[in-house]
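Atoms within a ligand are numbered from 1 in the order they appear, just like the ligands themselves.
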Amino acid sequence: MKLTDFINIAKLRVDQLLRDYLIEQPQPATILKKTIAYAALNSGKQIRPLFVYLTNHAFEGAWENADAAACAIELIHIYSLIHDDLPAMDNSDLRRGVPSCHKVHGDAMAILAGDALQPLACELIATYPSALTAEQRIHMIQIISRASGIHGMAAGQALDLTGMQTLSALTEMYQLKTGALLSASVQLGAISANIADSSTLLALQKFAQCIGLAFQIQDDLLDIQGEVHLTGKPKGIDSLNAKATYPTLIGIDASQQKIQELFAAAFNAIHFLGAQGQLLREFANELLQRKK
Ligand code: IPE
Ligand code: IPE
Ligand code: MG
Ligand code: MG
Ligand code: MG
């Protein structure tokens with residue numbers, strides 16, 4: 001299958017599932033439903049779900065077994081973006097090319113949208129009909145919870161707010177705020193394809209951690225050099241918030257060099273997948289060139 005066809009199928013599946021759970025199923029609070037739909041149903045790149053499906057594909061898994069995990073990780077990611085943009089955090093007014101969630105629905109509703117998306121992610125994995133066993137579902141919930149909470153994204157976001165002085169502290173913070181969810185994505189994809197051995201999961205984690213760190217350095221560069229009509233985010237937010245970033249600590253050229261090195265290390269880590277890893281590699285290669 002061609003990568004573009006694969007991506008189209010994957011995105012259709014995620015969009016359908018998001019629509020089912022966020023719009024079609026009845027909910028008691030219409031205002032919360034509207035807030036969540038506003039933040040979730042738009043032009044996100046869906047990189048994390050794509051990593052779930054591509055990893056599932058690399059191990060010849062069934063699409064149906066990856067659906068819940070793909071959607072769940074995107075729900076966690078969307079929640080992280082809603083909260084990240086709040087005035088108490090990055091105070092950013094534009095997301096995915098439209099006013100940030102809190103600018104339209106208010107801070108309180110934006111906070112609650114995040115609160116509601118987190119348990120929904122776990123509910124989906126626990127209950128979504130598929131051939132996954134109870135043991136696989138528990139493993140997935142464990143991975144997603146650990147990657148989003150005090151050992152993962154939330155910890156990274158907390159450290160981000162305290163300001164990082166050294167490159168190693170900044171690197172560790174990036175691994176947490178961005179790397180952890182990407183690492184969870186490939187592990188979820190593997191589990192959905194009935195892979196559970198720890199050495200395979202570790203190799204995939206290594207791949208995703210390299211991509212995750214590179215992805216965040218690219219994000220830093222896009223904050224300086226990106227085009228708003230492509231990124232859908234304001235430019236210069238990091239300098240406005242006086243954030244130390246890779247480019248501020250080591251410069252633009254060294255940041256670009258680091259991205260190249262990290263992608264090379266990432267490709268190395270999944271060498272063992274052979275021909276079955278072709279689409280995963282192609283997708284990573286596309287990310288390397290990303291402008292949004
Ligand atoms: C933005 O993530 C936040 C970071 C971790 C850098 P994405 O660039 O994946 O955002 P969307 O989902 O496409 O909007
Ligand atoms: C990643 O960092 C944020 C999350 C983990 C949600 P940023 O704050 O740089 O992400 P953007 O630039 O707002 O998307
Ligand atoms: Mg932030
Ligand atoms: Mg931000
Ligand atoms: Mg950023």
Side-chain angles (χ1 to χ4, degrees), residues 7 10-11 14-15 18 38-52 70-103 110 114 117 121 147-148 152-161 163-164 170-171 173-185 208-209 211-248 255 259 262 283-284 286-292:
I7 290 177
K11 287 191 164 178
V14 177
D15 287 341
L18 288 176
Y38 178 83
L41 305 175
N42 53 28
S43 55
K45 297 185 291 293
Q46 300 191 345
I47 282 158
R48 295 149 196 83
L50 285 167
F51 271 123
V52 176
C71 191
I73 198 79
E74 184 67 6
L75 292 176
I76 299 280
H77 168 63
I78 292 163
Y79 127 68
S80 79
L81 298 180
I82 298 171
H83 283 190
D84 182 72
D85 289 336
L86 285 167
M89 294 190 72
D90 288 352
N91 193 20
S92 183
D93 292 355
L94 192 73
R95 173 67 65 183
R96 296 179 170 178
V98 291
S100 303
C101 186
H102 69 274
K103 295 301 285 182
L117 288 169
S148 12
M153 186 272 293
Q157 290 286 72
L159 291 172
D160 190 2
L161 294 176
M164 298 290 102
L170 188 73
T171 304
M173 183 270 274
Y174 282 9
Q175 294 289 11
L176 293 167
K177 80 166 178 175
T178 305
L181 289 190
L182 283 178
S183 175
S185 305
Q209 278 164 356
I211 300 270
L213 180 54
F215 189 83
Q216 186 59 47
I217 302 173
Q218 290 177 314
D219 185 77
D220 294 349
L221 288 172
L222 288 171
D223 190 75
I224 299 167
Q225 307 176 310
E227 295 185 56
V228 175
H229 76 276
L230 293 176
T231 63
K233 302 191 280 195
K235 242 167 118 165
I237 279 281
D238 294 335
S239 81
L240 210 63
N241 289 328
K243 291 259 165 84
T245 64
Y246 254 74
T248 65
S255 298
I259 292 165
L262 286 163
F283 181 61
E286 280 200 356
L287 282 185
L288 178 54
Q289 327 290 338
R290 81 185 179 102
K291 301 268 179 278
K292 59 178 186 174

Next item on the list: Identify the heavy atoms of Lys235 and Ile224 that sit nearest to each other, and give their distance.
Entry: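 It is CE-O, 3.1 Å.
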
Note to self: List the residues meeting side chain to side chain donor-acceptor pair (under 3.5 Å) with Gln218, not counting sequence neighbours, and say none if there are none.
What the structure shows: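 Result, side chain to side chain donor-acceptor pair (under 3.5 Å) vs Gln218: Arg290.
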
Note to self: Check whether Thr178 reaches the backbone of Gln216 with its side chain - one donor and one acceptor, N or O, closer than 3.5 Å.
What the structure shows: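 No.
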
Checklist line | Main-chain N/O of Leu94 paired to Lys233 side chain as donor or acceptor, under 3.5 Å | finding: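 No.
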
Check: Which of these, Asp90, Asp84, Leu176, sits in a side-chain contact (heavy atoms from CB on, under 4.5 Å) with Gln157?
Finding: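 One option only clears the test, and that one is Asp84.
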
Margin query: Taking backbone and side chain together, does Asp84 place any N/O/S atom at a distance below 2.8 Å from the Mg ion (ligand 4)?
Written below: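 Yes - counting backbone and side chain alike, Asp84 has an N, O or S atom under 2.8 Å.
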
Item checked: Every N, O or S from the protein that is nearer than 2.8 Å to the Mg ion (ligand 5) ->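 Metal shell, protein only: Asp219 OD2.
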
Reported [atom1]-to-[atom2] distance for the pair [X] and [Y], which is rounded to 0.5 angstrom:
X: Asp93; Y: Lys103; atom1: CG; atom2: NZ; result: 4.0 Å
X: Met173; Y: Asp160; atom1: CE; atom2: CG; result: 4.0 Å
X: Cys71; Y: Asp15; atom1: SG; atom2: CG; result: 9.5 Å

Next item on the list: Might you list the protein residues in contact with ligand 1, defined as having a heavy atom under 4.0 Å from one of its atoms, sorted by chain and number?
Entry: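 Residues near ligand 1: Gly44, Lys45, Arg48, His77, Leu81, Arg96, Thr178, Phe215, Gln216, Asp219.
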
Next item on the list: Please collect all ring-ring contact (aromatic ring centres under 6.0 Å, His included) contacts where either partner lies in residues 80-99, sequence neighbours excluded, each pair once.
Entry: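 Of all non-adjacent pairs touching residues 80-99, those that pass ring-ring contact (aromatic ring centres under 6.0 Å, His included) are Tyr79-His83.
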
Check: Where do Phe283 and Phe51 land on the ring pair (Phe, Tyr, Trp, His ring centres under 6.0 Å) test, with the steps shown first?
Finding: CA-CA 9 Å; Phe283 181 61; Phe51 271 123; 5.2 Å; yes

